[in-house]
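Single-structure report; data block below.
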Amino acid sequence: MVAEKSGKYEESELYRIRHSAAHVMAQAVMEMFPGEAKIAIGPPIEDGFYYDFDLPRPLTPEDLEVIEGRMREIIAGDHQYQREVLSADEAREFFADQPYKIELIEGLEEGGTDEYGESIEGPVEISVFTHDTFTDLCRGPHVEDTSNINPDAVRLLNVAGAYWRGDEQRPMLQRIYGTAWNTADELEQYLWRLEEARRRDHRRLGRELDLYSVSEGVGPGLILWHPKGGMVRKIVEDYCRAEHLEAGYEFVYSPHIGKANLWEKSGHLDWYQEGMFAPLEIEGQQYYLKPMNCPFHVEIYKSRTRSYRDLPLRYAEWGTVYRYERSGVLHGLLRVRGFTQDDAHHFCRPDQMPEEIDMALQFSLDILRAFGFENFYAYLSTRNPEKFAGTPEEWEAPTEALRASLERAKLPYQIDEGQAVFYGPKIDLKLKDSLNREWQLSTIQFDFILPERLDMTYVGEDGKEHRPYMIHRALVGSMERFMGALIEHHAGSFPVWLSPVQAILIPIADRHIEYANKVSDQLKKAGLRIEVDERSERMNAKIRDAQLQKVPYMLIVGDREVENGAVAVRLRSGEDLGALSVSDFLNRAAEDIQSQK
RNA sequence: GCCGACGUAGCUCAAUGGCAGAGCAACCGCCUUGUAAGUGGUAGGUUACGGGUUCGACUCCCGUCGUCGGCUCCA
């Protein structure tokens, strides 16, 4: 079942409002730079709209305020949107001083691309929409009248650079992003959502919770895990390792560098060199930092003769890889230059392939669910016609095999045309977090190229040599990116089983420290991760700090608790559970940990 | 990589050409505390780095590095 691209938004009133607001904005910008503003395109997007301009100078935040103010005036003028159909020649004449529009008109006339650069079939009718003094090449739809736009529900957000037609060889334009809603209240809610996303930003929480840092001294895109973040990561890894063992994987380890010749044979230097760090020279030999683990796992496979009886083999490794990413794309934990994949390779006979794909897919879903993620979207990436090994015919069966597995799993999926890796098609799993943002984590890749390039064989029942199939898969993807997703999904309030500090003991006065340490020892023996706040601070201050660190349980101990062998339990939700005996608290904690909530 | 903004104490931010500051954190005390910040003091700086203009630069100019928002890219 292929997920339908939702046609609903495109047909909605909000879509028309945003599209119309983009036109109003373009009018305001053209008035700001009479005769000098060149307009490109301005479509509605999720949650808002943008418009691209070629202007004589960079826009400032103050300009945005002026533009926004002028937009309100235009809106208040109650101008109708009027559609008119033009011939290509008429349109060219009308937009004679707008080179970007001229280019768009060519696209419409010849067919191939529409006014947003999306591909279309055949030539289409050329229409323009006019409101007040502004006319734009546009297929619509628009609202009837600018009075349908609520001036109190429009906000310009920021300016950014954007290449004309998304092509880095072409001019860089200035893009103004804006948002528009039905009501001021909806706008407020949207702005609140943006603010909430900022509060949850893993880069901010990473610092506040002392999870990780990136040091200028070390280098961009290279992550330093601090003890707290390291603890969370270790728990994630330990859990995954145990699950892998149970699922029939074996663990391997491989080095960080390998000879140039290895990467030549694997095809990485042909297909992927621009993503690799420059080679190191050692005793006249070139070595490369590994961008992937697969060639090493293949070498392990090839270290002896394999029988059909040995298959499938499943090698798993938390392998740290290095990939060159252009400086402008680095982003916290989500786009880095060094990261650790929870990588594994299945080597199997052709007849085992469907089962191996099914297993990898199911395992992936199980693991992600364990960490609190529920909403998955699958993407099937097909052959990139510009960048693929083998022949198009060879790609057909593997692509079908992946598709069949998705059907069996009853996962809704979309096709990502041409997004495959050079060595085969893949399934990617993306998930939505608690703020409805999409994250790509899992990938399951069919590979029929490397086994041949690296000459892998097994001896079949017939005593002859056969070529195995290979699956590359990473479940959480990269530990770094997954940690980023985990931090943001839980807004830093990790479930108890993942919290680096599960409980903090808060002695009310110095005389309670001894008892706090005694309880701490007891809890540590039971396997909990505990801290004691021995600072000479007020209890209130200690609670505040523990709250800010998002510690699941705050255990307050004063005279009453010492006397009764108890702890007064406060949850980070603010809920006060009152005094519990140490063993009752342990039961409560064990339950919470067990449920992984 | 590209366009734009930015870089001042561990963090958040002041100082716009004339003595580099505050709050929090840290450290040393005092207070001994009952569910989100008790209180006094001390220390902390090559203002990212390198050059230039100037009597004088955190401030103006150039370059480099880095961060942020996008674009492009993303095995």
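Numbered from 1 within each chain, the chains take letters A, B, ... in sequence-line order.
Figure legend: Arg18(A) and Phe49(A) shown without cation-pi pairing, the cationic atom not lying both under 6.0 angstrom from the six-membered ring centre and within 45 degrees of its axis.
The pairing partner recorded for C68(B) is G4(B), the criterion being a Watson-Crick or G-U wobble arrangement whose two distances lie under 3.5 angstrom. Across all strands shown, G34(B) remains unpaired; no Watson-Crick or G-U wobble contact has both distances below 3.5 Å. C60(B): Watson-Crick or G-U partner is G52(B), with both key distances under 3.5 Å. Across all strands shown, C73(B) forms no Watson-Crick or G-U wobble pair with both distances under 3.5 Å. For G21(B), the paired nucleotide is C13(B), the pair qualifying as Watson-Crick or G-U wobble because both relevant distances are below 3.5 Å. Pairing partner, C27(B): G41(B), with both Watson-Crick or wobble hydrogen-bond distances short of 3.5 Å.
Put simply, the side chain of Asp510(A) and the base of U32(B) share a donor and an acceptor less than 3.5 Å apart. Residue Arg335(A) places a side-chain atom within donor-acceptor reach of the base of C73(B), judged by atom type and a 3.5 Å distance cut-off alone.
Comparing the C1' positions of C74(B) and C24(B) gives an interatomic distance of 39 Å, to the nearest angstrom. Taking the P atom of each, G40(B) and A25(B) are spaced 12 Å apart, rounded to whole Å. Comparing the same atom, C1', in A15(B) and in C19(B) gives a spacing of 12 Å after rounding to whole Å. A gap of 16 Å separates the P atoms of C49(B) and C65(B), to the nearest Å. For G56(B) and G44(B), the C1' atoms lie 27 Å apart once the distance is rounded to whole Å. On the C1' atoms, G34(B) is 49 Å away from U46(B), given to the nearest whole Å.
Ala509(A) comes within 4.0 angstrom of a nucleotide base, judged by non-hydrogen atoms across all strands. Within 4.0 Å (heavy atoms only), Gly275(A) reaches at least one base atom of the nucleic acid. Counting non-hydrogen atoms under 4.0 angstrom, Glu561(A) reaches a base of the nucleic acid. Among the protein residues, Gln445(A) comes within range of the sugar-phosphate backbone only, with heavy atoms under 4.0 Å from sugar or phosphate atoms but none that close to a base. Using a 4.0 Å heavy-atom criterion, one finds that Asp167(A) contacts no nucleic acid atom at all. Residue Lys542(A) is classed as having no contact, given no heavy-atom separation below 4.0 Å to the nucleic acid. Arg323(A) comes within 4.0 angstrom of a nucleotide base, judged by non-hydrogen atoms across all strands. Tyr423(A) comes within 4.0 angstrom of sugar-phosphate atoms only, judged by non-hydrogen atoms across all strands, and of no base. Within 4.0 Å of Asp576(A), counting heavy atoms only, lies at least one base atom of the nucleic acid. Residue-level contact check: Ala568(A) touches the bases, meaning some heavy atom is under 4.0 Å from a base atom. Residue contacts for Pro291(A): at a heavy-atom cut-off of 4.0 Å it reaches a base atom on one of the strands shown.
If you take CZ of Arg165(A) and P of C3(B), they are 22 Å apart, rounded to a whole angstrom. When the C1' atom of A36(B) is taken as reference, atom CE of Met554(A) falls 9 Å away, rounded to whole Å. Taking atom CZ of Arg326(A) as the reference point, atom P of C71(B) lies 13 Å away to the nearest angstrom. Rounding to whole angstrom units, CD of residue Gln174(A) and P of C2(B) are separated by 17 Å. Rounded to an integer number of Å, the gap from Ile508(A) CD1 to G38(B) C1' is 15 Å. Across the protein-nucleic acid pair, Arg198(A) atom CZ and G69(B) atom P stand 10 Å apart, rounded to whole Å. Rounded to whole angstrom, the span from the CE atom of Met276(A) across to the P atom of C74(B) amounts to 17 Å. Going from atom CG of Leu571(A) over to atom P of U35(B) covers 16 Å, rounded to whole Å.
Side-chain proximity of Ala541(A) to U72(B), A36(B), A37(B): nearest is A37(B). Nearest nucleotide to the Pro220(A) side chain, out of G34(B), U67(B), U33(B): U67(B). Comparing A36(B), G34(B), C2(B) against the side chain of Ile556(A) picks out G34(B) as the nearest. Listed candidates were C71(B), G34(B), C74(B). Nearest to the side chain of Glu325(A) is C74(B). Closest contact between the side chain of Ala160(A) and the listed nucleotides G70(B), G4(B), A36(B) involves G70(B). Set against U33(B), C65(B), C3(B), the side chain of Met172(A) has C3(B) as its closest nucleotide. With distances taken from any side-chain atom of Asn158(A) to the nucleotides C3(B), G69(B), U32(B), the minimum falls on G69(B). The side chain of Arg175(A) has C71(B) as its nearest neighbour among G69(B), U72(B), C71(B). Considering only side-chain atoms of Ser536(A), the nucleotide from U33(B), C65(B), G70(B) that sits closest is U33(B). In this structure, the nucleotide among C71(B), G69(B), G66(B) sitting nearest to the side chain of Val329(A) is C71(B).
Residues Glu216(A) and Gly328(A) both approach RNA chain B. Their nearest nucleotides, taken by heavy-atom distance, put Gly328(A) toward the 5′ side.
Side-chain N/O atoms of Tyr177(A) include one lying less than 4.0 angstrom from OP1 or OP2 on C71(B). Considering only side-chain N and O atoms, Arg572(A) lies nowhere under 4.0 angstrom from the phosphate OP1 or OP2 of A36(B). Applying the 4.0 Å criterion to OP1 and OP2 of G69(B), one finds that Arg203(A) has a side-chain N or O inside that range. Dashed line: the shortest gap from a side-chain N or O of Arg538(A) to OP1 or OP2 of G34(B) is not under 4.0 Å. Side-chain nitrogen and oxygen atoms of Arg207(A) include at least one within less than 4.0 Å of the OP1 or OP2 phosphate oxygen of U12(B). Taking only side-chain nitrogens and oxygens, His512(A) never comes nearer than 4.0 Å to OP1 or OP2 of U33(B).
The aromatic rings of His472(A) and His345(A) sit perpendicular, their planes meeting at an angle over 60°, well past the 30° parallel limit. Using cut-offs of 30° and 60° on the angle between ring planes, the pair Trp263(A) and Phe296(A) is perpendicular.
One finds a salt bridge joining Lys426(A) and Asp428(A) here, because a Lys/Arg side-chain nitrogen approaches an Asp/Glu carboxylate oxygen to under 4.0 Å. Under a 4.0 Å N-O distance rule, the pair Glu317(A)/Lys290(A) qualifies as a salt bridge. A salt bridge links Asp201(A) to Arg203(A): one of the charged nitrogens lies within less than 4.0 Å of a carboxylate oxygen.
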Is there a ring pair (Phe, Tyr, Trp, His ring centres under 6.0 Å) between Phe53(A) and Tyr51(A) once you walk through the steps? CA-CA 7 Å; Phe53(A) 304 95; Tyr51(A) 211 112; 5.1 Å; yes
Begin with the C-alpha distance, continue with both residues' side-chain angles, and end with the deciding distance and a verdict on ring pair (Phe, Tyr, Trp, His ring centres under 6.0 Å) for Phe448(A) and Trp395(A). CA-CA 9 Å; Phe448(A) 55 93; Trp395(A) 280 69; 5.7 Å; yes
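By the 4.5 Å heavy-atom criterion applied to side chains, Phe585(A) and Leu528(A) are counted as neighbours.
Side-chain contact annotation: Tyr469(A) with His346(A), donor-acceptor N/O pair under 3.5 Å absent.
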